[in-house]
Structure formats: C-alpha cells, structure tokens
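Order of the sequence lines fixes the chain letters, A, B, ..., with proteins taken first and strands second; residue numbering starts at 1 for each chain.
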2 protein chains.
Amino acid sequence: MTTGVRRRMGVEERRQQLIGVALELFAQRSPDEVSIDEIAAAAGISRPLVYHYFPGKLSLYEAALKRASEDLASRFAEPHEGPLGTRLLRVMRRYFDFVDDHGPGFAALLRGGPAVGSSTTNALINSVRQKAYEHILSHLEITDPPPRLELLVRSWISLAESTALIWLDGKRIPREELQLQLVHDFAALTAVTAAYDEELKELLRPVLGGEPADGPFGLLVTRLIALAT
Amino acid sequence: MTTGVRRRMGVEERRQQLIGVALELFAQRSPDEVSIDEIAAAAGISRPLVYHYFPGKLSLYEAALKRASEDLASRFAEPHEGPLGTRLLRVMRRYFDFVDDHGPGFAALLRGGPAVGSSTTNALINSVRQKAYEHILSHLEITDPPPRLELLVRSWISLAESTALIWLDGKRIPREELQLQLVHDFAALTAVTAAYDEELKELLRPVLGGEPADGPFGLLVTRLIALAT
C-alpha cells in the first residue's frame with residue numbers, strides 16, 4: 001500500500017485538501033455554480049469519494065466557510081500600538097486582501113444563496129462579525145460599551161461589509177481608496193454619535209485625543225471643516 | 001350557498017386575508033416559529049384549506065413578504081420640496097414605523113433564515129433596496145451617478161438596515177434618536193466622500209448648499225466643528 005507513487009492521504013488530510021480545492025473554485029465562481037464533479041476533478045479523485053468525505057455539497061460548503069471565517073478573523077489581530085486610525089487602516093488592507101482573494105464566494109455568501117439560510121452558515125457569519133466587534137472594542141479600550149457605542153461599532157462593521165460587497169461588483173473604485181474611506185467613515189460616524197452623546201464623547205476623548213493631526217482621523221476633521229465653511 | 005351568515009370569500013380575497021393574518025403573526029414572532037396551523041386558526045379556516053390557497057409555508061411567506069415590501073417601498077415617496085435633511089428625516093420616521101410594526105419578521109428576514117435563500121425572497125429584498133436607491137438619487141437630482149456616489153448611497157442604505165436591525169434587538173435607544181442619527185450619518189458619509197473627490201464635491205454642492213443652518217445637516221456641521229476644536 002505504501003509503494004505507489006501517490007501517497008495515500010489520511011481522512012483529515014483529504015478533507016483539508018478538498019476544502020482547499022473548493023475554496024479555490026469558490027474564489028473564481030459563485031459556490032452555486034460549482035459542482036461536486038468539478039471539485040472532484042480539481043482534487044483528482046472520483047465524485048463518490050468526495051461524498052465519502054462530505055455527505056453533500058452543503059457540508060463541504062460549510063467546512064470551506066469555516067476555514068475562510070477563521071482565516072478572515074485571524075486578519076483582525078493587530079498590535080495595540082500607535083494611532084488608532086493607522087491600526088484600523090492596516091486591518092482594512094488585510095480585509096480587502098481577503099475580499100479580493102475570495103470575491104465570488106464572499107459575494108455569494110453575503111448576497112444570500114441556497115446555503116446561506118443554514119444555521120451553521122449564519123452562526124459562522126455572526127462569529128466573524130462578533131470577533132470584529134470585540135477587536136474594535138479592545139482597541140478602543142472599552143470593556144462595557146453603552147448601547148450607542150455598540151450600535152456605532154456594529155453598524156460600521158456592516159458598512160464595511162456592504163462597501164466590500166459593492167466594490168466587488170465591478171471593482172470600479174481603487175480598493176486603496178475604500179480602505180482609507182472606511183477608516184474615515186468610522187471617524188465620521190463616531191463624531192456623529194459623540195456630537196449628540198456626552199457620555200460617549202467623554203468615553204472616546206482619551207482615545208481619539210491621541211490621534212496625530214496628519215493621521216487618517218486628523219486629516220478628516222481638517223477636510224470636514226474646510227468643506228463646511 | 002349564499003344563505004350562511006359568513007359570506008364565502010373569493011380566491012383572491014381569501015389569499016389576501018391569509019397574507020394579512022400571516023403578517024400580523026410574523027410581526028409578533030419570527031416566521032420560523034409560526035406554524036401553518038396557527039395561521040389557519042387565526043384566519044378561522046382549516047389547515048388543508050390554507051394549503052389550497054398556498055402550496056406551502058414558503059409560498060405564503062413569499063406572498064407576505066411581497067406585500068410588506070410594497071408597503072415599505074411606498075413609504076419612501078416624499079415630495080421634492082424643502083431641505084433635503086428634513087425630507088430624509090420624514091422618510092426615516094416612516095421607515096422606523098414600518099420596522100416597529102414588523103419587528104420579528106423584519107429581523108428574521110435580514111438576519112437570514114430558512115426562507116431567506118430563496119431567489120424570490122432575495123429579489124424582493126433587492127427591489128426594495130433598489131427603490132430606496134432610486135428615490136435618494138432623484139432627491140439629489142442626479143441621474144447618472146459616478147461609482148463613488150453609487151457606493152455612498154447604497155452603503156448608507158445598508159447602514160440604515162443594520163441600524164434598524166440592531167435597534168430591534170432590545171430597543172435600548174429611542175428610535176427618534178436613530179432616525180435623526182441616520183440623517184446625520186448620511187451627511188457625514190457624504191462629507192467623507194466629497195472631501196476626497198472633487199467631482200462629487202461639485203455634484204453635491206448645489207444640493208447641500210441649500211440646507212438651512214438649523215436643519216439636520218446644518219446642525220451636524222455646527223456640532224462637528226465644536227467637537228473638533
């Protein structure tokens with residue numbers, strides 16, 4: 001059994017290979033359009049053998065989504081050093097790297113499709129959003145966020161998702177612009193919330209006060225004032 | 001047949017009644033948790049008779065969603081008169097009226113669930129978003145939006161959705177605040193985009209220039225300047 005040129009893969013190794021193959025195909029075309037036959041062919045195994053490792057396309061899709069979710073969440077990690085705007089900009093670069101690498105799969109997932117209604121799929125999407133939320137709070141150094149701050153952070157995360165999704169539809173705007181714009185959007189939405197909420201203003205002051213005038217936050221305030229006058 | 005006290009309903013009339021009953025139930029609990037038996041009981045007819053009008057729960061759900069979508073889209077209509085910020089604020093009030101009236105159904109739809117993956121459901125959601133987008137462009141008096149403006153408007157619509165969705169989860173912030181905040185968010189995101197794009201700045205200047213100092217837009221600028229200095 002060990003004399004063949006092609007080494008026989010263990011169960012887990014084969015599963016991981018199939019997940020990788022599926023992710024590569026989902027990066028080129030929507031998962032709806034990728035058949036088990038194609039995945040089998042790309043992995044160099046038979047269709048029945050795919051079903052031996054994954055009982056159906058949904059289970060392979062969910063396993064692929066799980067790996068992609070872990071990959072994405074790992075990109076949120078950022079040292080707690082330096083200006084906040086610069087930290088967020090670095091995370092945005094890695095976020096768009098991911099979106100760029102997984103385009104059709106990312107779009108199909110967030111636009112809704114046959115697999116999206118599954119509870120596993122929804123739980124994975126929500127766990128990534130939750131991790132993004134927790135990372136941002138930890139950088140803001142806030143452990144017990146009031147409802148308006150929670151709303152601000154969670155709704156900005158949704159804005160980042162929809163911005164990436166709209167960008168994917170034709171890529172008509174350079175992604176570098178959108179990465180920076182999302183940092184500015186965060187600052188702008190924070191300013192709106194803080195302008196009407198004294199508690200939040202005080203909570204965010206020590207954090208935002210540390211931003212340099214030529215960082216993404218400082219630049220925005222300068223430009224906003226110029227625009228308004 | 002016509003002597004009974006209860007008049008017999010025509011097919012279309014009965015269908016409309018069932019849709020209304022379903023929407024009322026979906027406004028109290030997630031559609032996943034509402035059974036055909038409950039809908040039948042609330043409509044005062046037998047379970048098999050429900051299936052006579054709707055072949056399955058999904059088709060009843062889709063019909064209910066269609067009516068709700070038309071209801072929501074009709075609330076976007078707003079006369080092209082007066083300051084833009086005030087117009088948008090009135091639409092936001094009607095939007096939150098709708099969200100408030102359809103809470104669990106709205107949340108279940110946008111959070112994803114068993115019915116959400118259907119192509120009919122997705123098409124209905126997208127048609128409402130598209131109508132919101134077209135209404136906003138028509139108020140901005142722009143017919144051929146550059147990509148950055150399209151992104152701005154579409155991503156703000158997604159922000160409004162997620163804000164409403166987060167609000168529904170506990171209603172911990174007065175909705176009046178969020179209605180106004182979304183108008184301010186629109187102004188802030190517009191400012192971010194215009195600050196980095198001369199074409200858009202020129203495109204939006206005649207429109208935003210007409211805003212009164214005490215309108216929602218003018219108020220925001222005043223507060224932002226106070227916050228930044």
Side-chain angles (χ1 to χ4, degrees), chain A residues 111-119 121-122 125-126 146-148 150-152 154-163 165-167 169-173 177-178 180-185 187-197 201 208 218-229, chain B residues 111-119 121-122 125-126 146-148 150-152 154-163 165-167 169-173 177-178 180-182 184-185 187-197 201 205 208 218-229:
Chain A
R111 287 221 178 85
V116 172
S118 97
S119 55
T121 310
N122 283 335
I125 296 176
N126 285 332
R148 282 171 194 79
E150 179 173 349
L151 178 84
L152 165 69
R154 290 196 191 278
S155 62
W156 177 83
I157 290 168
S158 137
L159 187 75
E161 268 180 27
S162 57
T163 298
L165 206 50
I166 296 165
W167 173 71
D169 185 13
K171 301 191 181 176
R172 292 173 298 159
I173 306 173
E177 269 187 42
L178 296 182
L180 184 61
Q181 187 180 303
L182 279 165
V183 177
H184 290 148
D185 288 346
L189 296 178
T190 302
V192 169
T193 304
Y196 284 86
D197 186 318
K201 195 167 156 179
L208 297 178
L219 218 58
L220 171 71
V221 174
T222 312
R223 293 205 178 223
L224 281 184
I225 292 173
L227 199 71
T229 49
Chain B
R111 288 222 179 85
V116 173
S118 96
S119 55
T121 310
N122 283 335
I125 297 176
N126 285 331
R148 282 171 194 81
E150 178 173 348
L151 178 84
L152 165 69
R154 291 197 191 278
S155 63
W156 177 83
I157 291 167
S158 138
L159 186 75
E161 267 179 27
S162 58
T163 298
L165 206 51
I166 295 165
W167 173 70
D169 186 14
K171 301 190 180 176
R172 292 173 297 160
I173 306 172
E177 269 187 44
L178 297 182
L180 184 61
Q181 186 180 303
L182 280 165
H184 290 148
D185 288 346
L189 297 178
T190 301
V192 169
T193 304
Y196 284 86
D197 186 320
K201 196 168 158 177
R205 193 191 291 280
L208 297 178
L219 218 59
L220 172 70
V221 174
T222 312
R223 293 204 177 226
L224 283 183
I225 293 174
L227 197 73
T229 49

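Here CD1 of B:Ile157 is found 8.5 Å from CD1 of A:Ile166. Values are rounded to the nearest 0.5 Å. Summarising the geometry, atom OG belonging to A:Ser162 is positioned 9.0 Å from atom CD belonging to B:Glu161; distances are rounded to the nearest 0.5 Å.
Scanning all heavy atoms of the two residues, the minimum distance from A:Ala188 to B:Val192 falls at CB-CG2, 3.7 Å. Nearest heavy-atom pair, B:Thr163 versus A:Ser155, reported as atom, atom and distance to 0.1 Å: OG1-CB, 4.0 Å.
Side-chain contact between B:Glu150 and A:Arg172: present, with at least one pair of heavy atoms (C-beta onward) separated by less than 4.5 Å. The closest side-chain heavy-atom distance from A:Gln181 to B:Leu151 is below 4.5 Å.
Residue with the most contacts toward chain B among A:Leu165, A:Asn126, A:Leu189: A:Leu189 (heavy-atom pairs, distance under 4.5 Å).
Only the side chain of A:Glu177 comes within contact range of chain B, judged by heavy atoms closer than 4.5 Å.
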